[in-house]
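Throughout, residue positions are numbered sequentially from 1 according to the sequence presented.
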Amino acid sequence: MAALKMWLEGRILDGGWGWAIVAASFMAQFLAYGSPQSVGVLYPEWLHTYQEGKGMTAWVGSLVAGVGLIASPICSACVDNFGARPVTLFSGVMVAGGLMLSAFAPNVQFLIFSYGIVVGLGCGLVYAATLTITCQYFDKRRGLALGIVTTGTSVGAFIYATAQNELIVLYGLDGCLLIIGAMALNLMACSGFMRPLNMPGYYLKQKAALERNTEEQLFVKPPFDDLKIAVGSAATTPEKPLTVKELLITIDAKDLSIQTEKKEGHLAGLAIVKAIKQKQKAYSKYMQSLYEILQDQEMLAFCIAIFLFSLGAFPPVLFVEDVAQSGGLIEEVSVIPLVSIGAIATCIGKLALGILVDIKWINGVYLYAFTMLAAGLVLLFIPITKSYVGLQILTAILGFFSGNWSLTSYITTKIVGIDRLTQAHGILMFFGGFGIMLGPPVVGWFFDWTQSYDLAFYFSGICVLLGAFILFLLSLPCWNRRPSENDKPEVQYTSTCDKVASVA
């Protein structure tokens, strides 16, 4: 029986229904991230409709991209406790509801809430759910599956940029947002394919509570029929032993209740205090590990570089269409918007840089620093470009080097090792999300102050170049204080789903 079960599990992984999961996850990211990743097409329309400053309006695009990254630990906890299917179902309601509410926004402040926060959180939930369920269904082909799934964001940005442009022409801004919101409801259909392989934490806690109540009833002289049912259910449990995760959750659910039920008065209070101290000790160890990660000089330099790159390189995604229109390079958004060109170039960059970093003689940190150097130079050339064709070329180059996001998990593993990948990646995403949130408003404020994008893009380019210089300088062997044997650890992306989920 055990051999048959192992054979069935082998048939499930790396094929079969797993490819349906890949297709559903790809479509989920396509539907969720299509509009937020091409928000640059909507930005000029919002400026014209609400007549607000560019700094204030830029908060919409910055929040929808940054909130999901900053809240990624919360989104991952939701998936861990409730499972990918309910989370994706709920995120469909959030994304679609936020987009439809945005169609009725009376001002930019309401738009910041409906489009920036609601849609942004929904996208963060989709991202966490799709990566987790994909990791559960794949082992040997996990990298390929994650690569296909995460491409959905770039493909969505490419198609949605043109689609939103045409919908605005045909139905106006309100009609465009309503139609895009209605399309996002298909996230609920995608969630139907996400059949869980492992029971989520919330259901494990409910199961533990039910088993505890059943055990208590056995010692209160239950009727004979009920006793037979209880014994039968207990006999079937050895067929599926609990995993380590299930045991931890079961103990966590039972521990405090058993201690408090068997003790009364002062002893029960002491048991509660003891349990609270144990929780505090666990959190203290977690915070200590985060502090130790940031103590690594190279890791700290990488966090600063991620922040400065996000601060400087993300604003063109939002402002590039308005740069072309305000500079007189084009009267309206073209059939193939600049946002689409940047999105498809980013997709190519992710694949190309991912291939390059696997070459043994190429250092991943230095490769990332080089992409930042090239992106910073492109940003400095944007203000002096006086033709639309030149702006298209610069957008494509910038989009290609912006594909360096695919290198973050690889570099993080090289710096801190596979055991700390999840925690370190969460820290990086926080720095990246914080930079994305600040970048567009800062560029918008520069325009409101000078009535030109020139100074804003010079500021962005200098930020990215500064990040490249800091990362390169602090990563030199003469500055690196870490032991040399940890510089080049072997990367194994097959340890656990939680660790490999961060790779994408």
* To do: Using modelled atom types only, decide if a donor and an acceptor are shared between the side chain of Asp448 and the backbone of Gly55 within a distance under 3.5 Å.
  => yes
* Side chain to side chain, Leu428 and Met299, heavy atoms closer than 4.5 Å -> yes
* **Point-to-point distance, once rounded to the nearest 0.5 Å, from CD of Glu45 to CD1 of Ile168** => 4.5 Å
* **Side-chain donor/acceptor of Thr130 to backbone N/O of Tyr127, under 3.5 Å** => yes
* Side-chain heavy-atom pair Cys303, Phe430 within 4.5 angstrom cut-off -> no
* Structure fact -> Correct closest heavy-atom pair for Val95 and Val119 would be O-CG2, 3.9 Å
* Is a donor on one side and an acceptor on the other found under 3.5 Å between the side chain of Tyr137 and the backbone of Arg195? -> yes
* **Ring centroid separation Phe30 to Tyr160 under 6.0 Å** => yes
* Heavy-atom side-chain contact between Phe469 and Met372 under 4.5 Å -> no
* Asked: Should we say atom CZ of Phe110 is surrounded by more than 12 heavy atoms from elsewhere, each under 6.0 Å from it?
  -> yes
* **Main-chain N/O of Gly399 paired to Thr346 side chain as donor or acceptor, under 3.5 Å** => yes
* Is Tyr33 reaching over with its side chain to a backbone N or O of Ala157, donor-acceptor style, under 3.5 angstrom? -> no
* **Whether Ser460 side chain and Phe457 backbone form a donor-acceptor pair below 3.5 Å** => no
* Asked: When rounded to the nearest 0.5 angstrom, what is the spacing between CG in Leu398 and CG in Leu377?
  -> 11.0 Å
* Asked: Side chains of Ser35 and Tyr115: donor-acceptor distance under 3.5 Å anywhere?
  -> yes
* Short question: side chain of Ser91, backbone of Thr88 - any donor-acceptor pair under 3.5 Å? -> yes
* Can the ring centroids of Tyr368 and Phe302 be said to lie less than 6.0 angstrom from one another? -> yes
* Rounded to the nearest 0.5 Å, how far does CD1 of Ile180 lie from CG of Leu185? -> 12.0 Å
* Determine the minimum heavy-atom distance between Leu177 and Leu42, stating which atoms define it. => CD2-CD1, 4.1 Å
* **Check: Leu465 and Leu373 side chains under 4.5 Å, non-hydrogen atoms** => yes
* Begin with the C-alpha distance, continue with both residues' side-chain angles, and end with the deciding distance and a verdict on side chain to side chain contact (heavy atoms under 4.5 Å, CB included) for Phe309 and Asn404. => CA-CA 10 Å; Phe309 180 80; Asn404 59 8; 3.6 Å; yes
* Do Ile306 and Ser310 come close enough that some side-chain heavy atom pair is under 4.5 Å? -> yes
* **Where Pro36 and Cys123 come nearest, the two heavy atoms and their spacing** => CG-SG, 3.8 Å
* Test item: Met194 and Ser25 side chains (from C-beta on) under 4.5 Å apart, heavy atoms -> yes
* To do: State, to 0.1 Å, how close Leu111 and Ser102 come at their nearest heavy-atom pair, and which atoms those are.
  => CD1-CB, 3.6 Å
* Take atom CZ of Phe193 as the centre, draw a 6.0 Å sphere, and report whether it contains more than 12 heavy atoms from other residues, nucleotides or ligands. => no
* Quick one: CD on Gln109 to CD on Glu52, what's the gap to the nearest 0.5 Å? -> 5.5 Å
* Non-hydrogen atoms of Thr395 and Leu338 that approach each other most closely -> CG2-O, 3.4 Å
* To do: Name the orientation class of the two ring planes belonging to Phe401 and Phe370 (parallel below 30°, tilted from 30 to 60°, perpendicular beyond 60°).
  => perpendicular
* Atom CZ of Phe113: over 12 foreign heavy atoms under 6.0 Å -> no
* **Nearest heavy-atom neighbours spanning Leu121 and Met94** => CB-CE, 3.6 Å
* To do: Mark yes when over 12 heavy atoms from residues, nucleotides or ligands other than Tyr50 sit less than 6.0 Å from its OH; otherwise mark no.
  => yes
* Heavy atoms of other groups near Met56 CE, more than 12 under 6.0 Å -> no
* Please examine the side chains of Val93 and Met188, heavy atoms only from C-beta on, and report whether any two atoms are closer than 4.5 Å. => yes
* Asked: Given side chains that start at C-beta, do those of Trp17 and Ile21 come closer than 4.5 Å, heavy atoms only?
  -> yes
* Asked: Crowded around Phe90 CZ? As in, over 12 foreign heavy atoms under 6.0 Å?
  -> no
* **Between CZ on residue Phe307 and CD1 on residue Ile436, distance to nearest 0.5 Å** => 11.0 Å
* Structure fact -> d(Phe158 CZ, Ile341 CD1) to nearest 0.5 Å is 8.5 Å
